[in-house]
Undergrad: 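First the structure, then my questions, so here it is.
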Amino acid sequence: MKTTRAVALGVSLLAGTSALVAPSLAMAEMVFNRGNGTEPGSLDPQISEDVNSSTILRDVFEGLTAEFTDGSLIPGQAESWTVSPDGLIYTFKIRSDAVWSNGDPVTAQDFVYSWQRGVNPTTGSEYSFLLYPLQNAQAIANGEEKDLSKLGVKALDDKTLEVQLEGPAPYFLGMLTHSVAYPVHKATVEAHGEAWTRPENMVSNGAFNLIEWTPQSRIVAVKSDSYWNKDSVKLDKVVYYPTESTTTELKRYRAGELDWTYEVPNDQISWIKENMGDEFHVSNYLGTYYYGFNLTKPPFNDPKLRKAFSLAIDRDILTSKIVTAGEVPAYAFVVPGVTAYDAVYADFKDQTQADRDAEALKLYEEAGYSKDKPLEIELRYNTNDNHKKIAIAISSMWKKVFGAKVNLVNEEFKVFLETRKQKEVTQAFRAGWIGDYNDPNTFLELWLSDSGLNDTGFNNPEFDSLLKQASLEQDAPKRKELLMKAEGIFLESNAVAPIYHYVTKRMVKPYVKGWQSNVMDHIRSQYITVEK
């Protein structure tokens, strides 16, 4: 619901003269109604692990670095920084006017506390691996080092933060825009425990302050009066609407309830292009849509079976008939075109689909199955119209090639994530990975054996070793070679079946201004205006 704030300009009654009344003018709030996909999993920066949460967190928190509308890095809570010649020591100067929403100053110690919290095993962060570039981070996260003070970060004074890395990490400044590296307010976290993220408790440091969270309905944030760059923020309020059904989201957009959609239903793209083309926006996105296999249990602990099921997915049909906004068939996990990297592809990329299907059937039979003795599996996905259509199409492909029996299971997003993490009942499952920064490492580190988001159970010591070597390698060509070799090992395992590389596709009202497409799809509300 939109509200207004009235500004009385005054009433003057003069004795002996006619009354002069200045009319009251109502200044409407500038409100951005933003479709945001599924219900956020968590608004705790160190706990959050989904894109929908990240959109909100980028508005209500800010890290040392931030991003401009085009996705380029700019100073955030740090006004400046220096880097040692060997690339191992970063020294950040935090803004003197960086303060929390309760008026407390943001200090270097806030970052020390928050990053220690991020790698502390008791926190349960699934994103602790993003902080592994810091000295001793991995040892602490794995429980090998108990002393949190050994983490490579310290406060030199209230506004100076020194960071010591294990090895040169060219993506480090970009990684700091991820929520796991945001500061949290220690006193608030310790006073309220898990309830600290409730609107009535939260203390944040971003452009907006959280004031409402009604599950499955809406989340509301208002402009912060304490944000250091508040004068550049034109919106008064952002309302985020979680909507799992893309069809419902489009209906709400057409009814004027939303100014912006998270995505659009794939089966209505042709109609949208024809009837609302000026409001439909598509852009490249640093992400890969894939199916994962549970390697820890039968039947997909068999590498032949994994490859068979990957081969039998006709990616060209999917991207031409099911998802039709410019998505590209995927034969790599790292998105081709990532900075300073040469694409590595699955060995069947250049085969015809007929040849892939023939090889798939052969491997299926070698694994002990046939059309007379079919494999029955569950294919799991989170509730979403587009995911359902893709699952139906792929299950039909598997039935056609193998005669396999595929039972589709859909779950609400939070339940789905937890089910995948447990690796108890999952067999094949839908997944997607969006790069957290523009570097191949953001795609590969997901598959480290100790990664909290490695839901396949892939565990390869040589892969782990190659990523470790790459993290210490100062020579760029050698680092690239190590990462490419690691991706080759991962693709050969067929732990996942890459399906397509994402594009973003959404509806935006013509009066929404100030935003710009970027490959990370990080669209911060602080740059947006609503000019009705």
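For the single chain, residues carry numbers from 1 onward in sequence order. Excluded from the calculations below are hydrogen atoms, water molecules and symmetry mates; all remaining heavy atoms, backbone and side chain alike, are included.
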Undergrad: Quick one about His387 and Tyr289 (side-chain donor to acceptor, distance below 3.5 Å, no hydrogens or angles considered), yes or no?
TA: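 Judged by distance alone, the side chains do pair up.
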
Undergrad: Sort out for me which residue in Glu166, Gln164, Glu144 forms a side chain to side chain contact (heavy atoms under 4.5 Å, CB included) with Asn136.
TA: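 Exactly one option meets the side chain to side chain contact (heavy atoms under 4.5 Å, CB included) with Asn136, and it is Glu166.
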
Undergrad: More than 12 heavy atoms of other residues, nucleotides or ligands under 6.0 Å from NZ of Lys154: yes or no?
TA: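 Not more than 12 within 6.0 Å, no.
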
Undergrad: Can you confirm whether the side chains of Thr442 and Asp439 place a donor and an acceptor under 3.5 Å from each other?
TA: no

Undergrad: Just checking, is any N or O donor in the side chain of Ser465 or Gln469 under 3.5 Å from an acceptor N or O on the other one?
TA: yes

Undergrad: Is it the case that the side chain of Asp59 and the backbone of Gly206 share a donor-acceptor pair, with hydrogens and angles ignored and the cut-off at 3.5 Å?
TA: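 The answer is no, because no donor-acceptor pair under 3.5 Å joins these two groups.
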
Undergrad: side-chain hydrogen bond (donor to acceptor under 3.5 Å, both in side chains) between Ser48 and Asp50: does it pass, once the steps are laid out?
TA: CA-CA 6 Å; Ser48 168; Asp50 58 271; 4.7 Å; no

Undergrad: State whether the side chain of Ser125 and the backbone N or O of Ile47 hold a donor-acceptor pair below 3.5 Å, judged by distance alone.
TA: no

Undergrad: Quick check on Lys485: does its NZ atom have over 12 non-hydrogen neighbours (other residues, nucleotides or ligands) under 6.0 Å away?
TA: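 Atom NZ in Lys485 is not packed in, count stays at 12 or less.
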
Undergrad: Glu212 and Thr214: side-chain donor and acceptor closer than 3.5 Å?
TA: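 A pair is found: one side chain offers a donor N or O, the other an acceptor, under 3.5 Å apart.
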
Undergrad: Whether the Tyr171 and Asn441 side chains hold a donor-acceptor pair (N or O, under 3.5 Å, no angle test) is what I'd like checked.
TA: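 Their side chains do contain a donor-acceptor pair, which is all the 3.5 Å distance test asks for.
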
Undergrad: Distance from Tyr127 atom OH to Ser451 atom OG, nearest 0.5 Å?
TA: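 Nearest 0.5 Å value for the OH-OG distance: 9.0 Å.
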
Undergrad: Are Arg380 and Arg430 close enough, and set up right, to give a side-chain contact (heavy atoms from CB on, under 4.5 Å), and what steps lead you there?
TA: CA-CA 6 Å; Arg380 197 171 300 266; Arg430 172 264 155 189; over 6 Å; no

Undergrad: Could you go through Trp228 and Asn205, starting from their C-alpha distance and side-chain angles, then the distance that decides it, and tell me whether this counts as side-chain contact (heavy atoms from CB on, under 4.5 Å)?
TA: CA-CA 9 Å; Trp228 69 270; Asn205 71 326; over 6 Å; no

Undergrad: More than 12 heavy atoms of other residues, nucleotides or ligands under 6.0 Å from CG of Asn460: yes or no?
TA: yes

Undergrad: Given Phe333, which partner from the list Trp447, Trp433, Tyr291 fulfils the ring-ring contact (aromatic ring centres under 6.0 Å, His included) test?
TA: Trp447

Undergrad: Check the angle between the aromatic planes of Phe293 and Trp398 and answer parallel, tilted or perpendicular using the 30° and 60° thresholds.
TA: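 Phe293 and Trp398: tilted rings.
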
Undergrad: I need the Asn438 CG to Thr339 OG1 distance, nearest 0.5 Å.
TA: 3.5 Å

Undergrad: One pair to check against side-chain contact (heavy atoms from CB on, under 4.5 Å): Phe413 and Thr383. What are the steps and the verdict?
TA: CA-CA 7 Å; Phe413 191 54; Thr383 306; over 6 Å; no

Undergrad: Would you say the side-chain atoms of Tyr241 and Glu249 include a donor-acceptor pair closer than 3.5 Å?
TA: no

Undergrad: Looking at Lys150, I want to see if its NZ is surrounded by more than 12 non-hydrogen atoms of other residues, nucleotides or ligands under 6.0 Å.
TA: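 No, NZ of Lys150 has 12 or fewer neighbouring heavy atoms, counting only those of other groups under 6.0 Å.
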
Undergrad: Students often mix this up, so state it plainly: with edges at 30° and 60°, are the rings of Trp81 and Phe92 parallel, tilted or perpendicular?
TA: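 Aromatic pair Trp81/Phe92 classed tilted.
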
Undergrad: Would you say that more than 12 heavy atoms from the other residues, nucleotides or ligands in this model lie under 6.0 Å from the CD of Glu481, or not?
TA: no

Undergrad: Charged N to carboxylate O under 4.0 angstrom, Lys480 versus Asp342?
TA: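 Result for this pair is yes, salt bridge flagged.
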
Undergrad: Does Glu327 come within less than 4.0 Å of Lys505, counting only side-chain N to carboxylate O?
TA: yes

Undergrad: Tell me whether Lys159 at atom NZ has more than 12 heavy atoms from other residues, nucleotides or ligands lying less than 6.0 Å away.
TA: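 Yes, NZ of Lys159 has more than 12 neighbouring heavy atoms, counting only those of other groups under 6.0 Å.
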
Undergrad: Under a 3.5 Å distance rule, please check whether Asn386 uses its side chain to pair with a backbone N or O of Asn266 as donor and acceptor.
TA: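 Here the side-chain-to-backbone pair exists.
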
Undergrad: Please say whether more than 12 non-hydrogen atoms of neighbouring residues, nucleotides or ligands are located less than 6.0 Å from CD in Glu418.
TA: yes

Undergrad: Among side-chain atoms of Ser114 and Gln46, is any donor-acceptor pair under 3.5 angstrom?
TA: no

Undergrad: Over all heavy atoms of both residues, which pair between Thr246 and Asn384 is shortest? Give the atoms and the distance, please.
TA: CG2-ND2, 4.0 Å

Undergrad: Taking atom NZ of Lys414 as the centre, report whether more than 12 heavy atoms of other residues, nucleotides or ligands fall under 6.0 Å from it.
TA: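 More than 12 heavy atoms, drawn from other residues, nucleotides or ligands, come within 6.0 Å of this atom.
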
Undergrad: Would you give the length of the straight line joining atom CE of Met520 to atom CD1 of Ile434, rounded to the nearest 0.5 angstrom?
TA: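 Spacing of CE (Met520) from CD1 (Ile434) equals 9.0 Å.
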
Undergrad: Should the ring pair His185 and Trp100 be called parallel, tilted or perpendicular, given that the plane angle runs from 0 to 90° and is split at 30 and 60?
TA: perpendicular

Undergrad: Just checking, any donor-acceptor pair under 3.5 angstrom between side chains of Asn142 and Asp450?
TA: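 Asn142 vs Asp450: donor-acceptor pair found between side chains.
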
Undergrad: Indicate whether the side chain of Ser449 and that of Asp464 have a donor and an acceptor atom separated by less than 3.5 Å.
TA: yes

Undergrad: Examine the side chains of His522 and Arg58 and answer whether a donor and an acceptor come within less than 3.5 Å of each other.
TA: yes

Undergrad: Can you tell me if Ser517 and Arg506 form a side-chain donor-acceptor pair at under 3.5 Å?
TA: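 No donor-acceptor contact under 3.5 Å links the two side chains.
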
Undergrad: Side-chain donor-acceptor pair under 3.5 Å between Asn120 and Thr122, yes or no?
TA: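 Side chains of Asn120 and Thr122: pair found under 3.5 Å.
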
Undergrad: Determine whether the side chains of Gln77 and Glu62 contain a donor N or O and an acceptor N or O closer than 3.5 Å.
TA: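 Result is yes, a qualifying pair exists.
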
